[in-house]
Protein chains: 2
Amino acid sequence: MIKDEILSVVRNVADFPKPGILFKDITPILQDPALSERLLDALAAAVPADVNAIAGIESRGFLFGLPLAMRLGLPFIPIRKSGKLPYETVAYSYELEYGHATIEMHADALERGHKVLIHDDLLATGGTAKAAAELVIKVGGQVAGFSFILGLESLNGMHDLTVYSRNITILAPC
Amino acid sequence: MIKDEILSVVRNVADFPKPGILFKDITPILQDPALSERLLDALAAAVPADVNAIAGIESRGFLFGLPLAMRLGLPFIPIRKSGKLPYETVAYSYELEYGHATIEMHADALERGHKVLIHDDLLATGGTAKAAAELVIKVGGQVAGFSFILGLESLNGMHDLTVYSRNITILAPC
């Protein structure tokens, strides 16, 4: 099972990035190209047939986001932190535990009505994925689903995302 | 020619990120999965047979860095900005035009003596690629080469990199 394979190599790092957080380190997956291929197979198998584009959230969502899009023959849309995309952008700001964050997408990144699947490495509270969904809508697209490698079940991040799409893939809930 | 294909879609954005800079926007490449595949073919064809791992520099070096490693069946090593990698890291600081920057690699990212190819999207002055090379050496690896999608010829960034390896691929000098 891909879930067991992933969880057997993901590294738990205590107190990162701050005390009390148990960080899930996916870099050991990247060390294993055969596992990376199987993970990509599993992500690709879960993408609905009518999806028009894959959006990946900076930075770790870039890792498997572009290969996923290429595997499916779809455009890849980078969602980046504020001030990183050079062309005309659309921005969305959201609340964090302390302060707020802004993410951006190029205004011409997708065609009106196109169905976009949002990819990131990890689903925690869902705050960033929700912001990405709002951004897709703001640019004129539709949210066709979400895909994550890991998902922290205790944080119940899926709950807020079902408003946008019930198609939520988490390869390895943990 | 892949060079012409790339340059025909890369977008020049004036005065980004600051006045006087003509930024090369690679996001239109990502919109075209067939072009992305041909670009990846060209990057892969230029990697020497004895390379043991591909290192990609955050964030845009993550885009084609992991697919390149997977295509070649090699481990992928993320090089990140300071404070982003959760496990034990090795850091390298370098001078920028104003101030300085620090990049990091996990201390256990590679085996001693392993030959690492460094990938990023764009070669400008070469400052970040040079820092990545120093980091590879600091962690115990050897620099097997560099690979870039674009290279700004007027900045002569290749010059500083030949100290580390003469194997420097730039798909589209411009």
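No hydrogens, no waters, no symmetry mates; every other heavy atom, side chains included, goes into these values. First the proteins, then the strands, lettered A, B, ... as listed; each starts at 1. Fair warning: this is a prediction, and the values are worked out from it, not measured in the lab.
With a 4.5 angstrom heavy-atom cutoff, Phe16(B) touches chain A only via side-chain atoms. Heavy atoms closer than 4.5 Å to chain A are found nowhere in Pro17(B), neither backbone nor side chain. The part of Leu66(B) that comes within reach of chain A is its side chain, from C-beta onward, which places non-hydrogen atoms under 4.5 angstrom from that chain.
No chain of hydrophobic side-chain contacts below 4.5 Å, direct or via other Ile, Leu, Val, Met, Phe, Trp or Tyr residues, connects Ile149(A) to Leu161(A). When the side chains of ILVMFWY residues are joined at heavy-atom separations under 4.5 Å, either directly or via intervening members, Ile170(B) and Ile2(B) end up in two distinct hydrophobic clusters. Phe148(A) and Val9(A) are not part of a single hydrophobic cluster, where members link through side-chain heavy atoms under 4.5 Å apart. A single hydrophobic cluster is not seen to contain both Leu35(A) and Leu110(B); linkage of ILVMFWY side chains at heavy-atom distances under 4.5 Å, directly or through other members, places them apart. Connection of Leu171(A) to Ile54(A) is established within a shared hydrophobic cluster, with ILVMFWY side chains joined at heavy-atom distances below 4.5 Å, either directly or through further cluster members.
Pairing each heavy atom of Ser59(B) with each of Phe62(A), the nearest pair is O-CD2, 3.6 Å.
A heavy-atom distance below 4.5 Å is found between the side chains of Pro78(B) and Thr27(A). Inter-residue side-chain proximity for Arg60(B) and Lys84(A) is flagged as unmet; no heavy-atom pair is nearer than 4.5 Å.
Taking Ala109(A), Gly56(A), Ala69(A) one by one and counting their heavy-atom pairs under 4.5 Å with chain B, the maximum is reached by Ala109(A). Ranked by non-hydrogen atom pairs under 4.5 Å with chain B, the options Leu40(A), Leu85(A), Ile29(A) are led by Leu85(A). Contact tally against chain B (heavy-atom pairs below 4.5 Å) for His106(A), Glu58(A), Lys24(A), Arg80(A): the top residue is His106(A). Interface check for chain A: of the options Ile77(B), Leu30(B), Leu74(B), the most heavy-atom pairs under 4.5 Å are formed by Leu30(B).
A cation-pi arrangement, defined by a distance under 6.0 Å to the six-membered ring centre and an angle within 45 degrees of its axis, is present between Arg11(B) and Tyr87(A).
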